[in-house]
**Student:** 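So that we are looking at the same thing, I have put the structure below in C-alpha cells.
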Amino acid sequence: MSDSPGVPFLRDFARMSEIGATAGGGVERQAATAEDGEVRTWFRDLLAEHGFDVRLDAIGNLFGIHEFTPGAPYVLLGSHLDSQPLAGRYDGAYGVLAGLHAASRIVARHRDAGTVPTHNLAVVDWFNEEGCRFKPSMMGSGVHTGKLVLGAALDTADPRGVTVREALARLELGAGASEIPALAAYAEIHIEQGPSMSEQGIAIGAVASTWCAHKYEVVVHGEQGHTGSMRMADRKDALLGAAHLVVAVNELVREFPIEALHTTVSELYVEPNSPVTIAREVRMLIDLRAETTAELERAFALLTERIGAIEEATRTRVEFVSSSVWGAGPFVERGVRLVEEASEALGFSHARVKTLAGHDATNVKDVVPTVLMFVPSEDGISHNEREHTTDTAMLAGLDVLTHVAARLADGALDRP
C-alpha cells in the first residue's frame with residue numbers, strides 16, 4: 001500500500017525537527033551556526049533527491065532550481081530554516097519544506113501529463129530571516145531584493161565579533177556565487193504567529209496586508225563606578241537609564257487605541273556587566289510596530305520627548321545608532337484571491353488576515369508579485385518551544401500552496 005500524499009511531508013518535517021532540537025520540544029538553529037549548517041546541508045540533499053539543481057548566492061540564500069524552459073522566469077516558493085533561540089519547530093521551516101513538496105508535486109504532475117508550465121519553479125531557504133545573531137532580520141531576502149547592500153551585510157558582526165562573512169565561510173554551505181534567474185512571482189506559507197485564526201477556527205489565512213515596523217538600536221551612556229563607594233548623587237548609571245527607557249517604550253501603548261501599537265525592548269547588552277560595578281553602557285533594541293507609518297512616527301515622537309526627561313533624571317545620555325524599517329502595505333489583490341479560490345476549491349475555511357510579524361515576503365512583495373498565506377498557530381504562540389501547528393493544518397496549507405503555486409507557474413499573476 002502506498003503512502004497517503006501527506007506522509008512524505010510529515011516524515012521530512014519530523015526529521016528536519018530533530019536538527020537543533022531542544023529539550024522543550026522546539027529547535028535552536030540561529031543563522032550560520034553549526035545547527036543551521038546541518039539543517040541546510042540536510043535540505044540541500046533533499047532538494048537533490050527531488051531532482052532540483054542546488055545553488056547558493058553571495059549572502060548564503062539556498063535555492064533549489066527546476067527548469068522547464070530555458071530562459072523563462074521562475075516562480076519561487078520558500079521561507080527560512082534559521083530560528084530564534086529556544087524557538088518553535090514551525091516558524092519558517094514549515095514554509096521551506098512545504099515549498100519543496102509543493103514544487104515537487106507540480107513537477108511530477110507536468111511530467112506525468114507531458115506538459116510544460118509557463119514559468120520555471122524554484123525553492124528557497126532565505127538566510128538569516130530571524131536576525132537574532134546578525135541584525136537586521138530578513139537579511140537574505142533584503143540583499144536579494146536590493147534593500148540591503150551585500151558588502152555591508154557580509155561585514156555585519158554578531159555580539160562576539162564574528163562577521164556574517166566569517167560565519168558563512170565556516171559552514172559547508174556558506175556563501176556562493178550563483179546568479180538566481182529573474183522571478184515571475186513568489187509565494188510563502190507560514191504559521192500565523194498570532195491567535196486570530198486559531199480562535200476563529202480558520203484553516204487558511206490569505207494575507208492581504210502587513211503592518212510596518214521600526215526597530216532602533218540604542219545606546220544608553222553612563223559612567224562606570226563602584227557600586228558601594230560612589231555617592232548616589234554622583235552616579236550616572238546606564239542600566240538605570242535603560243530601565244526607565246524600557247518602561248517608557250512599553251507605556252507608549254497607553255497613548256493609542258488597544259492593540260493599535262505594539263512595543264517592546266527585545267535585546268540588552270550591559271557593560272561591564274560586573275557585580276560590583278555601575279554600568280557605563282547599555283545597548284538595547286527598541287521594536288515599534290503599527291498598521292501605519294503615521295502611527296509609528298507619532299509613537300517615536302512621544303518617545304523622544306520622554307527621553308529628555310529620562311536623561312535628566314538619571315544623568316545618562318541616550319544615543320540612537322541605527323534603525324531598521326519595513327513599511328506597511330497590501331499584497332497584490334489577485335494573489336490574495338488566488339489563495340481564497342484555492343481554499344474554496346479544496347474545501348478549506350479561509351479569511352483575509354494581516355501580518356503583524358515580518359516575513360521574507362514583506363521584502364519580496366515590493367519587487368515581484370507575492371502571495372503570503374497562513375495556517376493557524378495554536379493559541380498564537382510563536383518564538384517559543386511550545387509553538388504548535390497540527391499536522392492536519394500543515395497538510396491543508398501544503399495542499400493550498402500547491403494549488404496556488406501551480407496557478408502561478410501557469411502565469412496567473414503575469415497580466416498587469
**Student:** Please determine if D399 and R105 form a salt bridge, counting it only when a charged side-chain N lies under 4.0 Å from a carboxylate O.
**Tutor:**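 Salt bridge between D399 and R105, a charged N being under 4.0 Å from a carboxylate O: yes.
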**Student:** What's the separation between atom CD in E344 and atom NE2 in H350, rounded to the nearest 0.5 Å?
**Tutor:** 3.5 Å
**Student:** Please report the interatomic distance CD1(I286) to CD(E217), rounded to the nearest 0.5 Å.
**Tutor:** 10.5 Å
**Student:** What are the two closest non-hydrogen atoms of G358 and W326, and how far apart are they?
**Tutor:**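 Closest heavy-atom pair between G358 and W326: CA-CZ2, 3.4 Å.
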**Student:** Should the ring pair Y216 and F300 be called parallel, tilted or perpendicular, given that the plane angle runs from 0 to 90° and is split at 30 and 60?
**Tutor:**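 Aromatic pair Y216/F300 classed parallel.
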**Student:** Let me see the working for L261 and L296 under side-chain contact (heavy atoms from CB on, under 4.5 Å), right down to the final yes or no.
**Tutor:** CA-CA 8 Å; L261 177 72; L296 287 188; 3.9 Å; yes
**Student:** Please examine the side chains of L338 and L413, heavy atoms only from C-beta on, and report whether any two atoms are closer than 4.5 Å.
**Tutor:** yes
**Student:** Under 6.0 Å between the ring centres of Y90 and H388?
**Tutor:**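 Centroid separation for Y90 and H388: below 6.0 Å.
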**Student:** Which heavy atom of R334 sits nearest a heavy atom of D414, and at what distance?
**Tutor:**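 What the structure gives for the nearest pair is NH1-N, 4.3 Å.
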**Student:** Quick one: do R386 and E378 make a salt bridge, cutoff under 4.0 Å?
**Tutor:**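 So R386 does not pair with E378 through a salt bridge.
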**Student:** Distance-only, no hydrogens or angles: does the R55 side chain make a donor-acceptor pair with backbone N or O of I180 under 3.5 Å?
**Tutor:** no
**Student:** Give a yes or no answer on whether the side chain of S198 reaches the backbone of G380 with a donor-acceptor pair at less than 3.5 Å.
**Tutor:** no
**Student:** Using side-chain heavy atoms (C-beta onward) and a distance below 4.5 Å, is Y74 in contact with L183?
**Tutor:** yes
**Student:** Applying side-chain contact (heavy atoms from CB on, under 4.5 Å), run through M139 and T156 and close with a yes or a no.
**Tutor:** CA-CA 10 Å; M139 180 178 283; T156 300; 4.2 Å; yes
**Student:** I need the I106 CD1 to L77 CG distance, nearest 0.5 Å.
**Tutor:**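 Answer rounded to 0.5 Å: 6.5 Å.
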**Student:** Using the rule side chain to side chain contact (heavy atoms under 4.5 Å, CB included), only one of D125, L56, V39, V54 pairs with R44; which is it?
**Tutor:** V54
**Student:** Less than 4.5 Å apart, side chain to side chain, heavy atoms only: is that true for I59 and L150?
**Tutor:** yes
**Student:** For V218 and V321, which heavy atoms make the closest approach, and how far apart are they?
**Tutor:** N-CG2, 4.4 Å
**Student:** Quick one: OG1 on T402 to CZ on F9, what's the gap to the nearest 0.5 Å?
**Tutor:**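 With rounding to 0.5 Å, OG1 (T402) is 10.0 Å from CZ (F9).
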**Student:** Which atom pair, heavy atoms only, marks the closest approach of L121 to A409?
**Tutor:** CD2-CB, 4.4 Å
**Student:** Does any N or O in the side chain of R280 come within less than 3.5 Å of the main-chain N or O of E271, such that one atom is a donor and the other an acceptor?
**Tutor:** no
**Student:** Between D82 and R133, does at least one N-O distance fall below 4.0 Å, as a salt bridge requires?
**Tutor:** no
**Student:** Take atom NZ of K354 as the centre, draw a 6.0 Å sphere, and report whether it contains more than 12 heavy atoms from other residues, nucleotides or ligands.
**Tutor:**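 At most 12 heavy atoms, drawn from other residues, nucleotides or ligands, come within 6.0 Å of this atom.
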**Student:** Which atom pair, heavy atoms only, marks the closest approach of W211 to A260?
**Tutor:**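 Here W211 and A260 meet closest at CH2-O, 3.9 Å.
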**Student:** State whether R298 and E295 are salt-bridged, where the test is any N-O pair (Lys NZ or Arg NE/NH1/NH2 against Asp/Glu carboxylate O) under 4.0 Å.
**Tutor:**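 Salt bridge between R298 and E295, a charged N being under 4.0 Å from a carboxylate O: no.
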**Student:** Just do the side-chain contact (heavy atoms from CB on, under 4.5 Å) check on R165 and D155 with the steps written out, would you?
**Tutor:** CA-CA 6 Å; R165 190 190 311 274; D155 290 338; 2.7 Å; yes
**Student:** Using modelled atom types and a 3.5 Å cut-off, is there a donor and acceptor pairing between side-chain atoms of T389 and backbone atoms of P376?
**Tutor:**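 Looks like yes, one N/O pair under 3.5 Å.
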**Student:** Regarding H144 and D360, do their side chains bring together a donor and an acceptor under 3.5 Å, going by distance alone?
**Tutor:** no
**Student:** Would a distance-only check, ignoring hydrogens and angles, find a side-chain to backbone donor-acceptor pair under 3.5 Å from E385 to G24?
**Tutor:** yes
**Student:** Hey, does the side chain of E28 reach the backbone of L86 with a donor-acceptor pair shorter than 3.5 angstrom?
**Tutor:**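 At least one qualifying donor-acceptor pair exists.
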**Student:** Any side-chain donor paired with an acceptor under 3.5 Å for Y269 and E267?
**Tutor:**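 The criterion, which ignores hydrogens and geometry beyond distance, is satisfied for E267 and Y269.
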**Student:** Measure across P272 and T277 and return the closest heavy-atom pair with its distance rounded to 0.1 Å.
**Tutor:**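 Heavy atoms only, the tightest pair is CG-CG2, 3.5 Å.
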**Student:** Begin with the C-alpha distance, continue with both residues' side-chain angles, and end with the deciding distance and a verdict on side-chain contact (heavy atoms from CB on, under 4.5 Å) for L168 and L154.
**Tutor:** CA-CA 9 Å; L168 285 173; L154 290 171; 4.2 Å; yes
**Student:** Would you compute the distance between atom CG of D12 and atom NE2 of H50 and round it to the nearest 0.5 angstrom?
**Tutor:** 5.5 Å
**Student:** Does any non-hydrogen side-chain atom of K215 lie less than 4.5 Å from one of R289?
**Tutor:** yes
**Student:** Determine whether a donor-acceptor pair (N or O, by modelled atom type, separation under 3.5 Å) exists between the side chain of Y94 and the backbone of F13.
**Tutor:**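 No, Y94 side chain to F13 backbone: no donor-acceptor pair under 3.5 Å.
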**Student:** Do any N or O atoms from the side chain of T33 and from the backbone of R29 form a donor-acceptor pair under 3.5 angstrom?
**Tutor:** no
**Student:** Within the 4.5 Å heavy-atom criterion, are S377 and E387 side-chain neighbours or not?
**Tutor:** no
**Student:** Side chains of I202 and E192, heavy atoms from C-beta outward: is any pair under 4.5 Å?
**Tutor:**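 Of all side-chain heavy-atom pairs linking E192 with I202, none is under 4.5 Å.
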**Student:** Under 3.5 Å, is there a donor-acceptor pair between the S79 and E188 side chains?
**Tutor:** yes
**Student:** With side chains defined as the heavy atoms from C-beta onward, is the minimum distance between L245 and L303 less than 4.5 Å?
**Tutor:** yes
**Student:** Drop me the distance from L401's CG to H190's NE2, to the nearest 0.5 angstrom.
**Tutor:** 13.0 Å
**Student:** Is there a side-chain contact between K236 and L240, using heavy atoms and a 4.5 Å cut-off?
**Tutor:**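 Answer no - side chains too far apart.
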**Student:** Does the ring of F127 carry R40 above it, NZ/CZ under 6.0 angstrom from centre and within 45° of its axis?
**Tutor:** no
**Student:** Tell me if the aromatic rings of H359 and H80 count as close, with their centers under 6.0 Å from one another.
**Tutor:**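 Between H80 and H359, which both carry aromatic rings, the centre distance is not below 6.0 Å.
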**Student:** Salt bridge check, E333 against R352: does any charged N sit closer than 4.0 Å to a carboxylate O?
**Tutor:**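 Salt bridge: yes.
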**Student:** Between the side chains of H66 and N120, does any donor sit under 3.5 Å from an acceptor?
**Tutor:**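 Absent: no donor and acceptor within the cut-off.
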